[in-house]
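Below is one structure, written out as structure tokens; the observations come after it.
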Amino acid sequence: MAAKHAQQKPSARLYCAGCVVLPPAFYDRDTLRVARDLLGTLLVRQSREGLTSGRIVEVEAYLHENDPACHAARGCTRSNRAMFGPPGRAYVYPIHSRYCLNAVTRERGTASAVLIRAVEPLDGIELMRRRRQRQTQRQLTLRELVRGPARLCEAFAVDRRLDHWDLTRGQRLWIGREATAGWRDEEIGQSGRIGVTAAADLPLRFFVISSPYVSGSRRSRPA
DNA sequence: CTGAGGATAGTCT
DNA sequence: GACTATCCTCAGA
């Protein structure tokens, strides 16, 4: 159990080194399936500042059909256009002067996506800390670096410029699969989505029960 | 640990 | 002008 979470000890070898970039076909499936399967994959960001990576431990599905909480529910606008594009692209949405990162999927040919809410920090922790530390005086704990969709984007330097970015090319920003096995279904929790007012009861949030990096209160997790 | 309140800026009506 | 898929701080248990 605990062994599935990486130790903080710095390693000479990169965690994301053996990763295989997820192909377009991965995203071109039922959105719930993609959301579940994204748990345990690695989010990787390569920029001029350096490389950061983290294991995805919490996601939310946003479906085009019968989901009023989905940004695509009211049709295509300038800001949500990426969701109407091909699967495997990034949809970066600005909110409250911060950003959220989604992976676009295909839900029977309509616009849908998976919001990445939290990761377990792996590579480039000091770089994440530098980016996140800019506002705060206090020393941030490891879990505070990436717990929550907007904190995660700040730690990974994801902003509007990466909207529409192709996540399947293995450059700048991508998601990869490790050789090691992921979590079993019993280790995955499901709940309503956080922060949404519409359709808040739909169980479209998936998270790793044992992970300390999952956002939201403990109450949103089963005992 | 939890919940409440305010900051903040881009987007749409 | 009114939202919002958030975060931070602070008070209280």
Side-chain angles (χ1 to χ4, degrees), chain A residues 31-32 34-36 38-39 43 54 56-85 89-105 107 110-119 121 128-164 167 189-207 209-223:
Chain A
T31 302
L32 289 179
V34 176
R36 165 63 182 89
L38 276 175
L39 293 177
L43 178 69
I56 296 174
V57 294
E58 179 187 4
V59 296
E60 285 176 357
Y62 287 85
L63 316 175
H64 181 82
E65 292 179 351
N66 302 320
D67 182 6
C70 182
H71 289 162
R74 293 187 179 179
C76 185
T77 66
R78 193 163 92 249
S79 59
N80 70 9
R81 184 163 298 151
M83 268 208 282
F84 292 82
R89 303 288 184 93
Y91 166 45
V92 180
Y93 186 79
I95 182 139
H96 297 285
S97 73
R98 294 156 197 277
Y99 297 99
C100 290
L101 170 65
N102 300 254
V104 175
T105 66
E107 175 84 4
T110 61
S112 53
V114 175
L115 170 69
I116 300 172
R117 285 197 59 92
V119 303
M128 297 184 204
R129 190 179 299 282
R130 242 177 293 137
R131 286 169 175 156
R132 288 273 297 129
Q133 202 75 48
R134 279 166 191 160
Q135 313 130 323
T136 327
Q137 316 252 324
R138 183 174 54 88
Q139 171 90 333
L140 294 172
T141 65
L142 193 59
R143 83 192 303 228
E144 284 174 319
L145 291 181
V146 290
R147 205 175 84 117
R151 294 176 180 135
L152 158 67
C153 281
E154 187 176 14
F156 278 67
V158 171
D159 63 26
R160 207 74 201 280
R161 288 170 293 189
L162 287 167
D163 193 27
H164 294 280
L167 297 170
Q190 220 171 329
S191 79
R193 293 168 293 186
I194 292 180
V196 299
T197 51
D201 50 323
L202 292 181
L204 298 180
R205 170 173 174 252
F206 299 85
F207 56 94
I209 294 171
S210 66
S211 175
Y213 299 100
V214 170
S215 72
S217 66
R218 281 252 150 56
R219 186 169 278 173
S220 52
R221 312 193 206 180

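Computed from a predicted structure; not experimentally measured. Reckoned from all heavy atoms, side chains included, excluding hydrogens, waters and symmetry mates. Sequence lines set the chain letters: A, B, ... in the order given, protein chains first and strands last, and positions in each chain run from 1.
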Please tabulate, one pair per line, each protein N/O and nucleotide N/O from nucleotides 11-13 of chain C that are separated by under 3.5 Å, including the distance.
none

Nearest-Å distance, CG (A:Leu115) to C1' (C:dT6)? 11 Å
Short heteroatom pairs, N/O only, protein and nucleotides 5-11 of chain B, under 3.5 Å:
residue	atom	partner	partner atom	Å
B:dT11	OP1	A:Arg160	NH1	2.4
B:dT11	O3'	A:Ser79	OG	3.4

A:Glu144 CD - C:dT9 C1' separation (whole Å): 12 Å
Counting a pair only when it is Watson-Crick or G-U and both distances are under 3.5 Å, which runs of at least 3 such pairs involve DNA chain C? B:1-7 with C:6-12, B:9-12 with C:1-4
Rounded to whole Å, please give me the gap between CZ in A:Arg98 and C1' in C:dT6. 6 Å
Assign each of A:Leu101 and A:Arg151 to its nearest nucleotide of DNA chain C by heavy atoms, then name whichever residue's nucleotide is nearer the 5' end. A:Leu101
Ignoring backbone atoms, test whether A:Arg147 places a side-chain nitrogen or oxygen under 4.0 Å from the OP1 or OP2 oxygen of C:dC7. no
Any residue meeting side chain to side chain contact (heavy atoms under 4.5 Å, CB included) with A:His164, in chain and number order, not counting sequence neighbours: A:Arg81, A:Ala82
Are the side chains of A:Thr31 and A:Val114 in touch, meaning some heavy atoms are under 4.5 Å apart? yes
Rounded to whole angstrom units, what separation is found between the NE2 atom of A:His71 and the C1' atom of B:dC12? 12 Å
If the plane angle is over 60° it's perpendicular, under 30° parallel, otherwise tilted; pick one for A:Tyr93 and A:His71. tilted
To the closest 0.5 Å, what do you measure between CZ (A:Arg98) and SG (A:Cys153)? 11.0 Å
Is there a residue in residues 195-203 of chain A whose heavy atoms reach under 4.0 Å of DNA chain B, and which residues are they? none
Any residue meeting side chain to side chain contact (heavy atoms under 4.5 Å, CB included) with A:Thr197, in chain and number order, not counting sequence neighbours: none
A:Ala69 near the nucleic acid: base, sugar-phosphate alone, or nothing, with a heavy-atom cut-off under 4.0 Å? base
Under 4.0 Å between a side-chain N/O of A:Arg117 and OP1 or OP2 of C:dT6, yes or no? yes
From CZ (A:Arg151) to CG (A:Leu140), nearest 0.5 Å: 9.0 Å
I need the CG-C1' distance between A:Leu145 and C:dC7, as an integer number of Å. 14 Å
